[in-house]
Amino acid sequence: MDAEETLGLLRSYTHVRNYSSQLSALIPATSQCSKLTRRRYYMPNASPYQVWSRSFASDNGDKVEAVVPFMGESVTDGTLANFLKKPGERVEADEAIAQIETDKVTIDVASPEAGVIEKFIASEGDTVTPGTKIAIISKSAQPAETHVAPSEESTPKEPSPPKVEEKPKVETAPKVEPPKTQAPKPTAPSKTSPSEPQLPPKERERRVPMPRLRKRIANRLKDSQNTFAMLTTFNEVDMTNLMKLRSDYKDEFVTKHGVKLGLMSCFVKAAVSALQNQPIVNAVIDGDDIIYRDYVDVSVAVGTSKGLVVPVIRDADTMNFADIEKGINNLAKKANEGALSIDDMAGGTFTISNGGVYGSLISTPIINPPQSAILGMHSIVQRPVVVNGDILARPMMYLALTYDHRLIDGREAVFFLRRIKDVVEDPRRLLLDI
């Protein structure tokens, strides 16, 4: 094989990285041939083949796609609520770049790699499913720099041409004609009658789409009203002994357990005791059957800026006061940060709603489907009550129990609420189980 055939063979190689090795293997090491090769056929740095090689590697290994994650067993789609980043901004690995709003929770779409957002594929308001591509991220690109336009003051202005003085024009006074008398124009009748109400203009109103979470809450509450035969019974509880217990042992409780002793843990324990005494309240109707649950999962209603969420404390009947307080604090923190998952809110056999933290004096809560009852707590107010024949000022709280009258009779509901009242007014009953 002569030098010309060898060089022709080398032209058929598509990747230039192996050019030197192929050349040394096929061409004899003569100075003349080496000079000929270097002079005529060595590809320069600006070769289009080298540029093509770099772009090919970038397309395959440089760009990654951010997709919608798995949203839970019962959630099939969601709405792309908003983007947390903009194209051209840099993101780190696992950093949230968008939020997906589902019927139950808000889920973050995280970046799989560190890099710069090249572009968004979806738009805000789109309905997306798990696996939908949201954005393309380039790992090697640099963040876009914001170029500030030079101010107009720094730009030299062209001198304005000199003004040419104009000679004053002599104007003649116009002729004055006598005024013509005109008939008065008839006033246009008012478009609205005096009795018609004056509505505010549309410019002072705003129309925004309802979030999916709010639509889900609205549908569930309306379904609850249409399905259940709801009835509410009330009682009041004297909080003196429970507040004294909390005041006496709050410091020791924090020292040992690392969490504050609140009132909610006592009400959860009281509800567990009442549910064990009246198991029908912990049951649920399923078609023509009644399902009795031998476990207690207490749902705690938490109000957030995006709506009401109801995370669940699992197996509350096996927990002590410290475990319940830790569970409530953890769920409340996740709710305020929007980090609740589907598993945190799935299930639940009984719900407790504390409207007293907002100042509610009394209310009738709505059952959280598919449960059968809900306990409403309210604000603590000093009221005059009769104690052993004397009128004293005591911290009192109204309690409300809304229940499904198809399953629970008034007798069981009253007994249930009385048990909570007895335990809260004398917490020693929990210790002695009486």
Side-chain angles (χ1 to χ4, degrees), residues 69-75 78 81 84 94-96 99-110 211 213 216-217 220 242-243 245-246 249-275 282 293 295-358 360 365 368 371 374-377 420 423-424 427 430:
F70 176 71
M71 296 184 289
E73 294 291 341
S74 60
V75 180
L84 305 178
D94 298 328
E95 183 178 359
Q99 288 184 330
I100 306 297
E101 198 173 69
T102 68
D103 295 341
K104 298 181 179 179
V105 295
T106 300
I107 299 173
D108 291 335
V109 179
L213 180 59
R216 180 62 174 170
I217 293 173
R220 285 178 61 86
L242 180 58
M243 296 178 68
L245 175 69
R246 181 188 180 192
Y249 297 102
K250 62 180 181 180
D251 295 333
E252 291 85 348
F253 193 87
V254 172
T255 302
K256 181 175 181 178
H257 301 290
V259 64
K260 293 182 179 180
L261 177 60
L263 299 179
M264 182 61 75
S265 58
C266 183
F267 275 92
V268 171
K269 293 291 291 183
V272 169
S273 177
L275 290 170
N282 202 42
R293 275 83 67 96
Y295 59 93
V296 178
D297 290 347
V298 178
S299 303
V300 179
V302 179
T304 66
S305 59
K306 295 184 178 180
L308 183 70
V309 293
V310 192
V312 181
I313 302 175
R314 309 286 179 189
D315 297 320
D317 52 325
T318 63
M319 292 183 175
N320 56 25
F321 283 82
D323 294 335
I324 295 174
E325 289 291 348
K326 292 177 182 178
I328 293 174
N329 290 344
N330 182 40
L331 292 174
K333 181 180 178 181
K334 293 173 68 175
N336 292 325
E337 295 175 351
L340 285 174
S341 65
I342 299 296
D343 295 335
D344 291 331
M345 296 191 294
T349 62
F350 183 77
T351 298
I352 299 178
S353 176
N354 186 7
V357 295
Y358 307 111
S360 172
N368 179 27
Q371 301 170 14
I374 179 174
L375 176 68
M377 300 169 53
I420 292 181
V423 169
V424 172
L430 292 174

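Between Leu430 and Phe321, the closest heavy-atom pair is CD1-CZ, 3.8 Å. Taking every heavy atom of both residues into account, Phe350 and Ala271 meet most closely at CE2-CB, 4.1 Å. Considering all non-hydrogen atoms of both residues, Ala346 and Val312 come closest at O-CG2, 3.7 Å. Minimum interatomic distance between Asn336 and Gly303 (heavy atoms only, all atoms of both residues): OD1-O, 4.4 Å. Considering all non-hydrogen atoms of both residues, Ala316 and Ile324 come closest at O-CD1, 4.5 Å. Listed here is the closest heavy atom pair of Leu242 and Pro427: CD1-CG, 4.2 Å.
Separation of atoms NZ (Lys326) and CD1 (Ile313) is listed at 13.5 Å; rounding is to 0.5 Å. Here CD1 of Ile374 is found 9.0 Å from OG of Ser299. Values are rounded to the nearest 0.5 Å. Ile328 contributes atom CD1, which lies 11.0 Å from atom CG of Asn330 (distance to the nearest 0.5 angstrom). With rounding to the nearest 0.5 angstrom, the OG1 atom of Thr349 is 8.5 Å from the CG atom of Asp317. Taking CG from Leu245 and CZ from Phe253, the interatomic distance works out to 10.0 Å, rounded to the nearest 0.5 Å. Rounding to the nearest 0.5 angstrom, the gap separating the CG atom in Asn282 from the CG atom in Asp297 is 8.5 Å.
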request  = Please test Met377 against Val357 for side chain to side chain contact (heavy atoms under 4.5 Å, CB included), starting from the C-alpha separation and ending with a verdict.
outcome  = CA-CA 9 Å; Met377 300 169 53; Val357 295; over 6 Å; no
request  = Just do the side chain to side chain contact (heavy atoms under 4.5 Å, CB included) check on Val300 and Leu331 with the steps written out, would you?
outcome  = CA-CA 9 Å; Val300 179; Leu331 292 174; 6.0 Å; no
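Looking at residues two or more places apart in sequence or on another chain, you find a side-chain contact (heavy atoms from CB on, under 4.5 Å) between Ala301 and Leu308, Ser353. Considering only residues two or more places apart in sequence or on other chains, Ala332 meets the side-chain contact (heavy atoms from CB on, under 4.5 Å) condition with none of them. For Asp343, the side-chain contact (heavy atoms from CB on, under 4.5 Å) criterion is met by Ser341, not counting sequence neighbours. Not counting sequence neighbours, the partners of Ala335 by the side-chain contact (heavy atoms from CB on, under 4.5 Å) test are Val302, Thr304, Val309, Leu340. In this structure Lys334 satisfies the side-chain hydrogen bond (donor to acceptor under 3.5 Å, both in side chains) test together with Asp344, sequence neighbours excluded.
The closest donor-acceptor contact from the side chain of Asp108 to the backbone of Ala110 lies at 3.5 Å or more, if one exists at all. Under the 3.5 Å distance criterion, the side-chain polar atoms of Lys269 are left unmatched by any main-chain donor or acceptor of Val424. Without hydrogens or angle criteria, Glu101 side chain to Pro211 main chain gives no donor-acceptor distance under 3.5 Å.
Within the 4.5 Å cutoff, the side chain of Thr102 has no heavy atoms near those of the Arg216 side chain.
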Donor-acceptor list for residues 255-265 side chains, cut-off 3.5 Å, not counting sequence neighbours:
residue, atom, partner, partner atom, Å
Thr255, OG1, Asp251, O, 2.9
Ser265, OG, Gly262, O, 3.3
Ser265, OG, Glu325, OE2, 2.6

